[in-house]
Amino acid sequence: MQRPARSLKSRALQLLAQRDHSRVELRTKLLRHARAALAPGDDEADGVASADAEVEPLLDWLEANGFLSNERFAESRVHTRRARFGLRRIEGELGRHGVELPAELARSLVASELERAAAVRARRFARPPADAAEHAAQSRFLLARGFAPELVHRLLRSVGRAPVDADSAGEDLG
């Protein structure tokens with residue numbers, strides 16, 4: 001016996017129950033589901049238009065009723081990414097989702113950027129760079145994680161000398 005097809009609303013609520021989604025991400029998933037549900041003989045252009053006409057009002061309803069929130073998505077994404085990535089990487093990821101990083105979250109990320117970069121470097125590398133090749137490798141690693149070049153330079157300069165000063169974490173990052 002075959003299960004009845006689930007509605008888009010049911011599918012959306014299930015996805016949102018698993019984790020927060022951005023509007024762009026949820027729209028993409030729902031459109032994919034709606035297009036897959038088209039009958040084989042349906043005109044594809046009509047199917048795409050009808051799927052679009054069905055998904056947009058559903059997304060509006062989800063936002064109006066508090067099920068879908070780009071702000072909540074941003075907070076959730078920052079919370080899960082902040083221990084491993086820098087501000088640039090987090091902003092880029094949110095940008096791909098069509099979400100802007102709230103100013104308060106941006107300030108907290110900037111304030112903790114240096115100590116987070118030091119922690120990421122320490123987890124990956126057991127000791128300070130001994131030569132230029134190791135310095136370059138550690139620098140590339142941190143840059144790929146989305147930390148600012150000035151911050152990476154400052155961190156690697158201070159790694160072998162003294163512990164990272166948390167008071168200077170927000171300097172030069174404005």
Side-chain angles (χ1 to χ4, degrees), residues 1-117 119-121 123-124 139-152 169-170 173-174:
M1 186 165 131
Q2 195 174 21
R3 288 187 199 176
R6 290 187 17 227
S7 69
L8 280 179
K9 185 176 183 181
S10 169
R11 175 66 131 205
L13 290 172
Q14 178 197 17
L15 289 168
L16 290 169
Q18 293 170 355
R19 69 169 177 84
D20 283 313
H21 287 68
S22 68
R23 184 180 176 106
V24 169
E25 179 182 28
L26 189 60
R27 181 180 188 276
T28 302
K29 289 181 179 185
L30 293 176
L31 284 174
R32 189 178 320 127
H33 178 70
R35 290 176 185 151
L38 292 175
D42 288 348
D43 181 22
E44 190 172 323
D46 289 340
V48 169
S50 71
D52 223 8
E54 196 177 343
V55 168
E56 285 304 319
L58 174 59
L59 292 173
D60 292 339
W61 182 86
L62 289 167
E63 279 184 334
N65 288 289
F67 293 106
L68 179 63
S69 167
N70 279 342
E71 293 79 24
R72 199 169 52 236
F73 171 77
E75 289 172 6
S76 171
R77 192 52 58 113
V78 167
H79 179 71
T80 60
R81 301 288 196 253
R82 75 181 312 144
R84 295 184 349 230
F85 299 112
L87 177 64
R88 291 177 175 199
R89 173 88 173 252
I90 293 170
E91 283 179 328
E93 189 174 324
L94 290 174
R96 285 190 298 279
H97 285 274
V99 176
E100 192 172 314
L101 182 64
E104 185 178 313
L105 281 175
R107 279 191 298 275
S108 84
L109 286 174
V110 167
S112 65
E113 189 90 339
L114 187 61
E115 63 191 39
R116 288 183 301 108
V120 168
R121 193 211 65 79
R123 278 194 304 271
R124 176 69 173 85
S139 180
R140 280 191 310 271
F141 173 78
L142 291 169
L143 291 171
R145 293 287 186 272
F147 294 102
E150 314 82 54
L151 179 123
V152 170
L173 294 177

Using the side-chain hydrogen bond (donor to acceptor under 3.5 Å, both in side chains) criterion, which residues pair with [X]? Sequence neighbours excluded.
{"X": "R145", "value": "none"}
{"X": "S108", "value": "R82"}
{"X": "E75", "value": "none"}
{"X": "K9", "value": "none"}

For the atom pair [atom1] ([X]) and [atom2] ([Y]), what is the distance rounded to the nearest 0.5 Å?
{"X": "N70", "Y": "E63", "atom1": "CG", "atom2": "CD", "result": "6.0 Å"}
{"X": "I90", "Y": "L105", "atom1": "CD1", "atom2": "CG", "result": "9.5 Å"}
{"X": "L31", "Y": "H33", "atom1": "CG", "atom2": "NE2", "result": "11.0 Å"}
{"X": "F73", "Y": "L26", "atom1": "CZ", "atom2": "CG", "result": "10.5 Å"}
{"X": "R11", "Y": "L58", "atom1": "CZ", "atom2": "CG", "result": "12.5 Å"}
{"X": "S139", "Y": "R121", "atom1": "OG", "atom2": "CZ", "result": "12.0 Å"}

For [X], side chain to side chain contact (heavy atoms under 4.5 Å, CB included) partners two or more places apart:
{"X": "Q18", "answer": "Q14, L15"}
{"X": "R89", "answer": "F85"}
{"X": "R140", "answer": "A136, A137"}

(request) Locate the shortest heavy-atom distance separating P149 from R88; write the atom from each residue and the value. (result) CD-NH1, 3.3 Å
(request) Given side chain to side chain contact (heavy atoms under 4.5 Å, CB included), test L101 with L109 step by step and report yes or no. (result) CA-CA 10 Å; L101 182 64; L109 286 174; 4.1 Å; yes
Which atom pairs, donor and acceptor, lie under 3.5 Å between side-chain atoms of residues 92-100 and protein residues at least two apart or in another chain?
from: E93; atom 1: OE1; to: R81; atom 2: NE; distance (Å): 3.2
from: E93; atom 1: OE2; to: R77; atom 2: NH1; distance (Å): 2.4
from: E93; atom 1: OE2; to: R81; atom 2: NE; distance (Å): 3.2
from: E93; atom 1: OE2; to: R81; atom 2: NH2; distance (Å): 3.1
from: R96; atom 1: NH1; to: G92; atom 2: O; distance (Å): 3.4
from: H97; atom 1: ND1; to: S22; atom 2: OG; distance (Å): 3.2

(message) By the definition side-chain contact (heavy atoms from CB on, under 4.5 Å), identify the one residue from T28, D60, L62 that meets it with R23.
(response) D60
Just jot down the salt bridge (charged side-chain N to carboxylate O under 4.0 Å, His left out) partners of [X], sequence neighbours excluded, or say none.
{"X": "R19", "result": "E25"}
{"X": "R27", "result": "D52, E56"}
{"X": "R72", "result": "D20"}
{"X": "E54", "result": "none"}

